Amino acid sequence: MNHLQMWGAIDSFAKAKGTTASGLAKMSGLNPTTFNKSKRMTEYGQERWPSTQSLSKILNATNTTFSEFAKYIQE
């Protein structure tokens, strides 16, 4: 799994839940900008990964297991 695959999984998961990445963040009690594309890289071009806490919150909010979420990670 790489950086692009993880963010793609969040985007695909949000779409499958009928929302956007921002909507998914809000639904999970996170700041709506948490998953914005502009926050996926630092200002110096380094990859910024979603935290395990953020992933946990979206899984809990959507009543989804990590195994179910992992299906959205594409090779």
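Computed from heavy atoms alone, side chains included, the values below leave out hydrogens, waters and symmetry copies. None of the values given here were measured: they were computed from a predicted structure.
In this structure, the side chain of Ser54 does not engage the main chain of Pro50 through any donor-acceptor pair within 3.5 Å. Ser28 contributes no side-chain N or O that, together with a main-chain N or O of Ala61, makes up a donor-acceptor pair within less than 3.5 Å. A donor-acceptor contact shorter than 3.5 Å is absent between the side chain of Ser56 and the backbone of Thr52. Remark: side-chain polar atoms of Asn36 are not paired, donor with acceptor, to backbone N or O of Ser38 under 3.5 angstrom.
Note that the CD1 atom of Ile58 and the OG1 atom of Thr64 stand 8.0 Å from one another [nearest 0.5 Å]. Between Ile10 atom CD1 and Tyr72 atom OH the span is 13.0 Å, to the nearest 0.5 Å. A distance of 8.5 Å separates CD in Gln5 from CD in Gln74, rounded to the nearest 0.5 Å. Considering CE of Met27 and NZ of Lys57, their distance stands at 14.5 Å, rounded to 0.5 Å. Note that NZ of Lys71 is 12.5 Å distant from CZ of Phe66, once rounded to the nearest 0.5 Å. Rounding to the nearest 0.5 Å places OG1 of Thr20 at 7.5 Å from NZ of Lys26.
Looking at every heavy atom in both residues, Ala14 comes nearest to Leu24 through CB-CD2, 3.9 Å. Minimum interatomic distance between Asn63 and Glu68 (heavy atoms only, all atoms of both residues): O-OE1, 4.3 Å. For the pair Pro32 and Ser22, the tightest heavy-atom approach, listed with the atom from each and the gap, is O-OG, 3.2 Å. Closest of all the heavy-atom pairs between Thr34 and Lys39 is O-CB, 4.3 Å.
The aromatic rings of His3 and Trp7 lie perpendicular to each other, with more than 60° between the two planes, well past the 30° mark.
Put simply, Ile73 and Trp49 are part of the same group of oily side chains (I, L, V, M, F, W, Y) that touch within less than 4.5 Å, one to the next. Linking ILVMFWY side-chain heavy atoms closer than 4.5 Å, directly or via other members, places Met41 and Met1 in two distinct hydrophobic clusters.
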Go through Thr42 and Glu47 one step at a time and tell me if the side-chain contact (heavy atoms from CB on, under 4.5 Å) criterion holds.
CA-CA 6 Å; Thr42 68; Glu47 297 173 341; over 6 Å; no
Run the side-chain contact (heavy atoms from CB on, under 4.5 Å) check on Thr62 and Phe13 step by step: do they pass?
CA-CA 10 Å; Thr62 59; Phe13 183 71; 3.3 Å; yes
